[in-house]
Amino acid sequence: MADREERRFAEVSRESVRLMAEGAGVELGDDVAALLAEDVCYRLREATQSSSQFMRHAKRRKLTVEDFNRALRWSNVEAICGYGAQDALPFRSVKEGELFFVEDRDVNLVELALATNIPKGCAETMVRVNVSYLDGKGNLEPQGTVPTAVQSLSDDLLKYYQQITRAILGEDPHLMKVALLDLQSNSKIAALLPYFVYVISGVKSVSHDLEQLNRLMHMVKSLVQNPYLYLGSYVRSLVSSVMYCILEPLAASINPLNDHWTLRDYAALLLSHIFWTHGDLVSGLYHQILLSLQKVLSDPVRPLCSHYGAVVGLHALGWKAVERVLFPHLPAYWANLQAVLDDYSVSNAQVKADGHKVYGAILVAVERLLKMKALSLSQSAEGQSGAHPGSVVGAVSYRWTPVPLPAMYCELYSFFGDSLAVRFSTGTGFGTHSPCTPSQLGDSRKEPPGPASNLDTTRKMPQLTANLNISPRQDGSPRTDPPPPSLSGPGSSSSCSRQRSAGLSREVFPKARFTSPQTTPPAFSFLIGGRQMGQRCQGRRPFQTMFATTPPVSAIPPRTYAHKLPVIGRVGKPVRRWTCSHYSLHLPL
Amino acid sequence: MIALTGKNQSYVLVLYGLCFPLIHVAHAQFILKMAAVQGGMGDADIKTDIKTEPSADGFGNNNANDGRVLSASPGSSSSTGSNKQTAAVTPEDQQTLLAVLQFLKKNKLSESVEILRREAGLPENSLDPKANESAGAGSGGAAGIVDLEGGDASSLLSRVTGSSSAGAQAPTKGTFICGGKKDQPDVSVVLSAYSQQGDPTLYKVYYRDLKKFIETVLDCHRAELSQVFYPLFVHMYLELVYNNHESEAKAFFEKFSGDQECYYEEDLRILSGLTKKEHMRGNETLLDFRTSKFVLRISRDSYQLLKRHLQERQNNQIWNIIQEHLYIDIFDGMPRSKSQIDAMSGSLAGEAKREANKTKVYYGLLKEPEIELPLDDEDEEAENEEGKPKKKKPKKDSVGSKSKKQDPNAPSQNRIPLPELKDSDKLDKIMYMKEATKRIRLGPDNLPSVCFYTFLNAYQGLTAVDLTDDSSLIAGGFADSTVRVWSVTPKKLRKVKSAADLNLIDKESDDVLERIMDEKTASESKIMYGHSGPVYGISFSPDRNYLLSSSEDGTVRLWSLLTFTCLVAYKGHNYPVWDTQFSPYGYYFVSGGHDRVARLWATDHYQPLRIFSGHLADITCTRFHPNSNYVATGSSDRTIRLWDVLSGNCVRIFTGHKGPIHSLAFSPNGKFLASGATDGRVLLWDIGHGLMVGELKGHTDTIYSLRFSRDGEILASGSMDNTVRLWDAMKAFDDLETDDFTAATGHIHLQDNSQELLLGTYTTKSTPVIHLHFTRRNLLLAAGAFNP
């Protein structure tokens, strides 16, 4: 029989029997121990078999300690107490002694007794009916839809719900914090989940109120982090609310003083968190998110803040998402962005500022993309193929073929020029996988080697200039930043640890640190212009990079990218336009 | 002095002194009689614990016989604990009493022990502590009680019914008891049958020889003869184990266990764990296998072939096993094909004997009582308002025509005495008929809507669900021993006022039924406490006034839904009671559990009226036939039995499931039975012919609920795999053409048409479906606990 192996039983060794006997103060001979061990095994199997009956009749799939104890009781054996936990008991091993034991943490009775948060009872068991299938044809409404009225809840729950929503949406920040904390750890609010989801879905009605939106997003975060909540298909509803905050041209963003960027960053972060921790609950969620992000990105009518949201959203979803959606779309998008950035009219100032935001976001995203790509290449080169975190995502096949790293770098470089290059040191770290060796280029791109060989110089040159302005990161790797502490909850899965550092984007674009051109006119700026090969930009096109000096470093909190991020525009207009610019320093390439 | 003697393989309890002190004569004799029956169960330990003396055989037997007469008095039951009679007592020494107590305790008759001890005024610790180590001996003991109570139950029913059926029943019961003794012999006797010893090393040769032979016979015989493999394999293995040839047994198992049919895997697993003679004692599965002959159906030709081969080869070892442990049901005619055999096999003890399913079963429905359907004014007005006054007439017709016909297959109306209809019942009937006129006619093109009742926050574990027939109440049994009832209509649940308050009510007023309710207690749900173990079975009475629950604590409890208190705890099973159900006419109910017997009770009797004994393993589910004359039980021995409520006899045995059966459903016309098991298959049975008529494959996990739509067109099945599936029952039953030959031989040809019959699969989020219910208008309700 094929499954003969499976029919083997766990055995209690005679050493164990002897040890136990010793523990009880009895010395056992070898043969006695062997006999006993065999008998113990048999009795254990017998008890297990009869306990499975209790499991079957309790209509469960999981055999519990309770079942086993019942079986023991009915065969006149003393029950084993102390193992009836709801969750699986983790066994810990002690290497030296080859000993396994159940972890039994000390309970601080004093703390427990004096605790102010008195544990509440379980939520009331209740019956709820829903029409699942009407006339045997499909769902009347998708399961997990949000009820519209708050009823059929017990009084306690209702009160809790009212207090929590009032606290979160109310004025008192302290109260809000407490409420959010409770929402994050309360184990008995499963019944309220639809109601909270409903409240959160109210984002659309408060799009003018940034504060409220923020609070609602915090609420999402708390719900997502609550380890006792099973979100199920409510994930979809939550995601749509979060996506709203990321992508929609919120009413609040009309006023430039409103920092809706932070909200978008936060929401993007949240999105990635939901996806990485609960993405498995809804099939196809990833694709849906990607699709809607792509849709926004490819819609030129959408305002720039929406585009920004799409970019940070993609960035938050991981470099694979960036590679698959943003990167192929970049050439098309670039033209639009460029037009915005090149318009120096006063009326365009606000839009242009937004454009810079988008530009910065894209830059950060592609930078991560390149780094992660290089990392994954190096990892696979080291024989750890497939171990990179993005593989989960990348496994989903699409009509999409990955672009090799050198080609990708070159293409991106054609857009960003030096501002991209400065983010990578030319040192050894990256150099081992130097993407721009001429031979590789020749393979990957149908391009004459002439201009390509120049790339080395173009890459180094601006680094010098950049060094004048800013101090590039010494290690050249922003990836070493500690992941933001905000969203890594205790229950988060380890698989997403890397992607979680998508939180970088938030620190990259704090509004306050952004120096918009119209408020602080550059004291000195210079442009690096040139002709650059653009594979997707219809042949040779000129490019120009403008560097603006930033205020002195000391004036800015030293911890962020802001001062390292030069304001960079790129001109897609004919060369004769920018030659007029008197500050420009044209370096023909 | 009491002594136990081992004589003729049954121990006889002998009374030396005249009687116990303080103990009623009848009671004492009852205990003795019980001991006599259970003596069969006592193993060798008993002899060492209690002094053995040669005895006067006749005396003990007299006692046993008297037991029947005596036990007709209700006080004699061990389970009721109501032995309050005091009668003549004579002094007796404590030693004897202790011996009796010890014996009782050994056989797990703790209640009797308790009673006896209390009556004798003995301290609790007077019993030898080592007496309670007899594991596994109890099941037989329980069967022993069963026999006794069966006897008195019949007389009880006869008193209840006033019919003269008691006379007819007594002999049946009597033979049963005799048979019972034979069927439930003590372990050592059973096992000693294995002691005849052949050369252990030759077993392999024998088996291989037979295998070779069967592989070389003509194809048409091979499938039939292959049936012999499994029982032979098991018995040979057990023989090896019994004779302490452990290594040979292991080798034998290793070599040939792979050849067995896959549906025996569960049993083989148990078997493979058993490698020592000591383990055989107290292993229930083993005992089942030993005590019942494995039944095989083989055509005469094939049998002759086998017989000739074995005689030629002088293969006595195998021949002996076939003779002693197998029952070969020989039939004339064509041998059956492999698929035919596979469809019917799989149960613990082989197929059912053909004659087991020959008894006539009155599967027709009882005539509905004629109720004048008063078309009350409200209704008429409402219809007039809607402008459809025509509707009235057909309604009247349909109701009339239905109740006038008398089904030729129906039992006589008073075969089983049924409770008379109360006014409220008549009202309910009228409501039912009204609803029925609005019923949707279901079919493959017109599937029912499904509503799901989800139990939220059922962290304690939902183990059983029931809905009332009118779908107004839902009840859940929980693993934390509670029973909870919810109202699923806006009407809240109210208790009746206290006695003092009730006195103040004007009893003449029209709305007195409304006035007795205490408005202050109105709530959506009520919790009822009383059990001390998980509640595995739950059932509403048809009149919605009572609720039954069966629990692991061995009791069935009757709850009032007016006061929401427990009225009665029916004790008798002594082991977990897996299921219980009210009769469709109320009053009676059936329960079945771990002790392998099903009991028929009436709500006003604390003892069972009937005891249905015969299953070889736990009874997992019980269902009443729509005409209340029959009870179906499904069991872990993978068979379904149909019992006649009147006679207590088993009238049908259905084999074919490959796993424990967890759900049963009768078709509304009473003709068919559907059963679902852990193997994920639904099997359909024709009750009249006693044949399997369909197999519905599709579920991937245990089927916990089955229900026919109100008109029987659709069969709904709910499973652990989180789906509800709808099957075209009309088609499944219409396509049947049971010819006389099939009916006579029991050879069935099943076509594999599950896919055609499957009308729909509906999935839940993460909720195993443990109950299904069609409302009176054919809306399908499903229930289960959300299981994140």
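All values reported here derive from a predicted model rather than from experimental measurement. Every chain is numbered from 1 and lettered A, B, ... according to where its sequence line falls, protein lines coming before strand lines.
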K276(B) and Y42(A), any side-chain heavy atoms less than 4.5 Å apart: no
Nearest-0.5 Å distance that lies between atom OG1 in T678(B) and atom CZ in R56(A): 6.0 Å
Greatest number of heavy atom pairs closer than 4.5 Å to chain A - which of P576(B), G476(B), G461(B), A464(B): P576(B)
Interatomic spacing from CZ in R45(A) to CZ in R269(B) - rounded to 0.5 Å: 12.0 Å
Separation of L456(B) CG from L193(A) CG (nearest 0.5 Å): 11.0 Å
NE2-OG1 distance between H57(A) and T463(B), expressed to the nearest 0.5 angstrom: 11.0 Å
Residue T454(B) versus chain A: region with a heavy atom under 4.5 Å: both
Among F478(B), Y536(B), F455(B), residue most engaged with chain A (heavy-atom pairs, under 4.5 Å): Y536(B)
D579(B), part contacting chain A, at a heavy-atom distance under 4.5 Å: neither
L274(B), part contacting chain A, at a heavy-atom distance under 4.5 Å: both
Atom group of P660(B) that falls short of 4.5 Å from chain A, counting heavy atoms: side chain
Value rounded to 0.5 Å, distance of CD in E66(A) from CD in E552(B): 8.5 Å
Which atoms of L44(A) approach chain B - backbone, side chain, both or neither, heavy atom under 4.5 Å: neither
E15(A) atom CD, over 12 foreign heavy atoms within 6.0 Å: yes
Interchain contact, A458(B) with chain A, by part (heavy-atom threshold 4.5 Å): both
pair P534(B)-R70(A): side-chain heavy atoms closer than 4.5 Å: yes
Close side-chain approach of E46(A) and H279(B), heavy atoms under 4.5 Å: no
S705(B) OG to K59(A) NZ distance, which is reported to the nearest 0.5 Å: 9.0 Å
Any donor-acceptor N/O pair, R61(A) side chain to M720(B) backbone, under 3.5 Å: yes
